Amino acid sequence: MPLSYSAAAAAAPSPLAARSRGLLRRPPRSSPVVVRCKKIDQLRAVNGIPPYAPVSNRSLLSPVTLPIIRDANIKNDTRLRIFSGTANPSLSQEIASYLGLELGKINIKRFADGEIYVQLQESVRGCDVFLVQPTCPPANENLMELLIMIDACRRASAKNITAVIPYFGYARADRKSQGRESIAAKLVANMITEAGANRVLVCDLHSSQAMGYFDIPVDHVYGQPVILDYLASKTICSDDLVVVSPDVGGVARARAFAKKLSDAPLAIVDKRRHGHNVMNLIGDVRGKVAVMMDDMIDTAGTIAKGAELLHQEGAREVYACCTHAVFSPPAIERLSSGLFQEVIITNTIPLKEDKSFPQLTILSVANLLGETIWRVHDDCSVSTK
């Protein structure tokens, strides 16, 4: 009697048991495996258009290349980008001209409530970006603008962001001279680092130890070579020169300057405060051309009183040299009073026309900063040694 389906299924050995008994054998590997598919309905026309398969005239063996989408406005020869803030656009333009580039397109504006808006108007993805922005007066606005520019570049996927700060504000707040004081230089360094800068390029810090406040690489350049080249072009006998430090704190800077200026002798103005200021001169300036060297001139009180002392001690002429011309009132009145034969400054800080006077000479540090930017971009040594 034939077994029913259910009985036959129950009596049949399991696949695992049948395989162990040798009842089921795998087909040889060379045997083809045939898979039968169900028949489906014919493709129907859609909107009156018969179905079709796209056919390309490209050979199936030829490689397929994806189309390259490239913005025609982006230069392909360099990944170097220079952007300028609103603090010193003329210096930024000179730097870009030295490098043979155009300034990057950026939109910076201020809202009615004083907030700052920054938008990059070109791609910086994967680029080496340099932001030129001194934190000169108004220091707080220019500093905040620099931080927002750094943040915009970081969010635009720039590869490297270098903050080029020709004049570093708050540099004088580098230590605690009294109790319960802040060290604002360290705070500003932390803010620049946290904003997203990868490197900082500064010119003539008030004190070199401020470089240690940054947790990122710092390239520190000096404006002395620019001033030295200018003084070398003047017809001043090297035997008549003497370099004068306007205070004791600038002795190291003045000594380095004198060494490069034909190894000229050094004099120091020693100012002591005992109820009233007492100024003494260390060194001989009688009958000589005195060159007073400092990193910055703010109100010009110290350097003007030093020049009066030099004239009293018999100096023939007095030159005032500095890198950063802050020129807070009443600096112009003091510098143009006839104490100085010439006042030599650089353009790290833009100078308004109403602050100009006949004895003033402005030198440009654009070539110095431009060469440093190119060496940093090209991974070359910044120092000349």
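What you see is a predicted model; the values in this text were computed from it and never measured.
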* Asked: Hey, mind stepping through Ser207 and Asp174 against side-chain hydrogen bond (donor to acceptor under 3.5 Å, both in side chains) and telling me if it holds?
  -> CA-CA 8 Å; Ser207 56; Asp174 57 354; 2.4 Å; yes
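- Shortest non-hydrogen contact noted between Tyr213 and Asn190 is O-OD1, 4.1 Å.
- By the salt bridge (Lys or Arg N to Asp or Glu O under 4.0 Å) test, Asp219 pairs with Arg199, sequence neighbours left out.
- Side-chain atoms of Leu360 and Leu351, non-hydrogen and from C-beta on, do get closer than 4.5 Å to each other.
- A distance-only check finds a donor-acceptor pair linking the side chain of Lys355 to the backbone of Phe327 [under 3.5 Å].
- Taking the side-chain contact (heavy atoms from CB on, under 4.5 Å) definition, one finds that Ile282 meets it with Ile268, Asp270, sequence neighbours left out.
- Residues satisfying the side chain to side chain donor-acceptor pair (under 3.5 Å) test with Ser262, not counting sequence neighbours, are none.
- A side chain to side chain donor-acceptor pair (under 3.5 Å) with Asp295 holds for exactly one of Arg172, Gln224, His206, His324; it is His206.
- Note: Phe214 and Phe168 meet the aromatic proximity criterion, with ring centroids under 6.0 Å apart.
- Looking at Trp374 and Leu80, their side chains come closer than 4.5 Å, going by heavy atoms from C-beta outward.
- Checked by atom type and distance alone, the side chain of Tyr170 never pairs as donor or acceptor with a backbone atom of Thr135 at under 3.5 Å.
- Using a 4.5 Å cut-off on side-chain heavy atoms (C-beta onward), Cys153 and Arg81 make no contact.
- Remark: the Asp240 side chain and the Ser238 side chain contain no N/O donor-acceptor pair separated by less than 3.5 Å.
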